[in-house]
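Every chain is numbered from 1 and lettered A, B, ... according to where its sequence line falls, protein lines coming before strand lines.
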Amino acid sequence: MVSRDEKSLQKVWAWLIAGMIAYIPANIYPMLLTSTLIERSESTIVGGVIELVQHGSIGIAAIVFIASVIIPIGKFIAVGYLAISVQRRSVASRHARHKAFEAVEFVGRWSMIDVFVVAILSALVQFDTIATINPGIAAVSFALSVIFTMLAAQSFDARLIWDANRTPSL
Amino acid sequence: MTAPLPPLNDLVACHQCDTLHAATDLPPGTRAYCQRCGVLLMTSQPAAIARILSLALTAFIMLLAAISFPFLTLDAGGFHNATSVIDAIMAFNDGLALPLAIAVGCFIVVIPLMRLGALIFALGPLVREQPGDARARIAFGIAERLRPWSMAEIFIVGVTVALIKVSGLAAVTIGPAFWAFTGVVLITVLKDTMICRYSIWEALDHRNT
């Protein structure tokens, strides 16, 4: 048992906003730099998903899309909503909110998939002039975004959800 | 509200929402969940400590193997490239991305190793029924704290995605380290479902008194 962290919500907001800011360049800049003999191409997160769909691997495209678009954005919304509802001392649907918090904590780590994919691809495809794949700057900001939102979820004190109808015992 | 509480040692607080429950001996094969928020409180496998320890040791050794053997090899147009897990980490080794190389290295190698090491350190003396010291409690606490940051299983899914992306480009051969790594992931999942935090903390506490 640990006593409640009074700055919990402040930390949550700080990490969450940092995560959202880092998510913007992660989508604008290229994730992968592919150069072959004939061409040089850059692909962003969404670009990579579209490429996979065109190759016909819908399942993999769906995994990447869920891991790197739906989960991060869903997390921003969920953590923000939880923090606001706690600030308002809401007592509505606390069980549902607790479940949401657990889901966020469990699922957030899976966003790192795309970073690992980039790492493996760029380690594997290194054939000097014929074909090379190198990580783009978006990989860094995407990883930062995931780490920041994980920290946001961890600094959220789930007990605050249940504290709403208690009078502070100061 | 005025009913007397049972002795402190028989109470267990939910680690998510602080609801107090009276701890009872569970019948075999059952699990206890928090009344309010539904978090798993304890499992009826207090004797599983020896099994958990052996699984942790197995995973530790397999992880060392997974780091040292070739992970994947790629053949395309007469070129041959063998990649180990270390190479995948070092893919980010230039310039701005260097901190990312360190982070990825921590997530897939250092933190899993630390967690397993801490668990072995904390549970080892328990199995031999030796009196330990407070460091065992700290080690178990660290192992629990690091749980979300150990991302070996996510790495394996990432590898699968990467394999499918490359498969059109070149012939990929899966090396022994891939299987070792998959084994580590499976054993870790098995170990985490077996573990009963309550009984381990109890055991660590009893030894100190």
Inset, instruction - Sort A:Gln154 into side chain, backbone, both or neither according to what part of it lies under 4.5 angstrom from a heavy atom of chain B. - result: side chain
Legend entry - Atom group of A:Ala139 that falls short of 4.5 Å from chain B, counting heavy atoms: both
Inset, instruction - Determine whether more than 12 heavy atoms belonging to other residues, nucleotides or ligands lie under 6.0 Å from atom CH2 of B:Trp179. - result: no
Inset, instruction - Side-chain contact test, heavy atoms from C-beta onward, threshold under 4.5 Å: evaluate it for A:Phe116 versus B:Val159 and give yes or no. - result: no
Inset, instruction - Step through the shown structure and confirm whether more than 12 heavy atoms of other residues, nucleotides or ligands are within 6.0 Å of CH2 on A:Trp110. - result: yes
Legend entry - Interatomic distance, A:Ile113 atom CD1 to B:Ile156 atom CD1 [nearest 0.5 angstrom]: 11.5 Å
Inset, instruction - For residues B:Phe71 and A:Ile120, determine if any side-chain heavy atom of one lies less than 4.5 Å from a side-chain heavy atom of the other. - result: no
Legend entry - chain B contact via A:Val64 - side chain, backbone, both or neither, heavy atoms under 4.5 Å: side chain
Legend entry - Carboxylate-amine/guanidinium contact B:Arg147 A:Glu105, below 4.0 Å: no
Inset, instruction - With a 4.5 angstrom heavy-atom cut-off, could you sort out which part of B:Phe107 is near chain A: side chain, backbone, both or neither? - result: side chain
Legend entry - Toward chain B, the part of A:Ile147 with a non-hydrogen atom under 4.5 Å: both
Inset, instruction - Identify which part of B:Ile108 has an atom lying under 4.5 Å from any heavy atom of chain A, answering side chain, backbone, both or neither. - result: side chain
Inset, instruction - Decide if atom CZ of A:Phe76 counts as having more than 12 heavy atoms of other residues, nucleotides or ligands within a radius under 6.0 Å. - result: yes
